[in-house]
Amino acid sequence: VIATDLGILLESVSSVGWSTVLSAVRLFRIARLFRLLRFARGLNQLFMAFVLSIPKLANVGAILALLLFLYAILGVKLFGAVQFAGPHNDQANFRNFGNAV
C-alpha cells in the first residue's frame, strides 16, 4: 500500500515514468507469494485446487453467458415494442439486443 501511494506521489511530482519501476516492484511482491506456496504444503494444495477448478469455472461462466443471451433475445421479442415512459427511456429498454444485454 505504501509503495502504491509513493508511486502516485512520484508520478504527480515528477515527469519521469515511475510506473514501470513500481510495476516491477509489485511483480516481485507477487513472486514472493508464489515462492511461499512452494514451502507451505497446505497452501500449495489449496492453490493447486484453485488452478484445477479454473476450467470448471469457465464452463459455469459459459452457461451463465448463454442464459444471459437467451433472456436478452426473449426480452427483445416480448418487450421491444413497449413505449418509453417512466423508467423506460432511450437507455433502459429492450429495443435492440445491445440494450437488452
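These figures come from a predicted structure and were not determined experimentally. These numbers come from the heavy atoms of this one structure, side chains and all, not from hydrogens, waters or symmetry mates.
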Taking distance alone, no hydrogens or angles, what donor-acceptor pairs closer than 3.5 Å link side-chain atoms of residues 94-101 to residues at least two apart or in another chain?
| residue | atom | partner | partner atom | Å |
| --- | --- | --- | --- | --- |
| R95 | NE | G80 | O | 3.3 |
| R95 | NH2 | V82 | O | 2.6 |
| N96 | OD1 | G98 | N | 3.4 |
| N96 | OD1 | N99 | N | 2.9 |
| N99 | ND2 | N93 | OD1 | 3.0 |

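- Looking at residues two or more places apart in sequence or on another chain, you find no ring-ring contact (aromatic ring centres under 6.0 Å, His included) involving F84.
- The CG atom of L74 lies 12.0 Å from the CZ atom of F69; values are rounded to the nearest 0.5 Å.
- In the hydrophobic clustering of ILVMFWY residues, with side-chain heavy atoms under 4.5 Å counting as a link, L67 and F79 come out together.
- Note: I73 CD1 to L78 CG = 12.0 Å, rounded to the nearest 0.5 Å.
- In this structure, CG on L66 lies 11.0 Å from OH on Y71, to the nearest 0.5 angstrom.
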